[in-house]
Amino acid sequence: ENTVAESLSESPAKRCSRLFRKAGVFLAKAQFEQALVTLREGEAFALALGDTEKLALFREEIRQCEQRRSEGHPIEES
């Protein structure tokens, strides 16, 4: 996938903010799988940037999302 490479033209802070907002929308709808995909995209982006602070934020959100998903929020796999 070229999403990370293509998104380097966008400001890193803007890109990360957009991914967090997008994940937040999925979380608000209890769409944990989509939220995780978005957060993992952010994780890969932060890793590519070498931004350890943003990487830690994405990884913490991923951990919380996985925890919420496992706490009685069954997801139908399509």
Side-chain angles (χ1 to χ4, degrees):
E1 261 188 60
N2 291 330
T3 36
V4 173
E6 288 167 3
S7 62
L8 289 174
S9 60
E10 182 178 30
S11 120
K14 196 177 200 177
R15 173 77 176 158
C16 288
S17 294
R18 192 158 52 81
L19 288 168
F20 272 118
R21 281 195 308 276
K22 184 177 172 184
V25 170
F26 288 134
L27 287 171
K29 298 176 183 175
Q31 295 175 335
F32 298 108
E33 296 303 322
Q34 293 94 325
L36 282 169
V37 167
T38 304
L39 291 169
R40 288 195 176 110
E41 183 183 338
E43 178 187 34
F45 180 68
L47 202 55
L49 288 175
D51 188 329
T52 54
E53 193 176 309
K54 285 187 177 62
L55 182 61
L57 288 172
F58 278 110
R59 287 184 171 165
E60 176 58 19
E61 288 297 319
I62 289 167
R63 187 192 65 74
Q64 288 182 23
C65 185
E66 288 174 336
Q67 187 177 350
R68 283 180 64 193
R69 180 181 62 175
S70 67
E71 288 173 354
H73 296 282
I75 301 294
E76 291 293 323
E77 294 291 336
S78 48

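For the single chain, residues carry numbers from 1 onward in sequence order. Computed from a predicted model, the values in this text were never measured in an experiment.
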| C65 side chain near F26 side chain, heavy-atom distance below 4.5 Å |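 The answer is no; the side chains never approach within 4.5 Å.
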| Under 4.5 Å between any side-chain heavy atoms of T38 and R18, yes or no? |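 No, too far: nothing below the 4.5 Å cut-off.
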| Hphob cluster co-occupancy, L19 + L36, side-chain heavy atoms under 4.5 angstrom |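 Linked within one cluster.
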| request: Would you kindly confirm whether I62 and L55 end up in one hydrophobic cluster when ILVMFWY residues are joined by side chain heavy atoms under 4.5 Å apart? | output: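 No, I62 and L55 fall in different hydrophobic clusters.
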Pair [X] + [Y]: basic N to acidic O under 4.0 Å:
X   : Y   : value
E71 : R68 : no
E33 : R69 : yes
R40 : E66 : yes

| field | Residue pair L47, R59: steps toward the side-chain contact (heavy atoms from CB on, under 4.5 Å) verdict | value | CA-CA 11 Å; L47 202 55; R59 287 184 171 165; 4.2 Å; yes
I need the minimum non-hydrogen distance between [X] and [Y], along with the two atoms involved.
X   : Y   : result
A13 : K54 : CA-CE, 4.2 Å
E61 : F20 : CG-CE2, 3.5 Å
L27 : F32 : CD2-CD2, 3.7 Å

| field | R21 side, atom CZ; C16 side, atom SG - distance, nearest 0.5 Å | value |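 Separation between the atoms: 11.0 Å.
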| Between D51 and F45, is a side-chain contact (heavy atoms from CB on, under 4.5 Å) present by the stated rule, with each step listed? | CA-CA 9 Å; D51 188 329; F45 180 68; over 6 Å; no
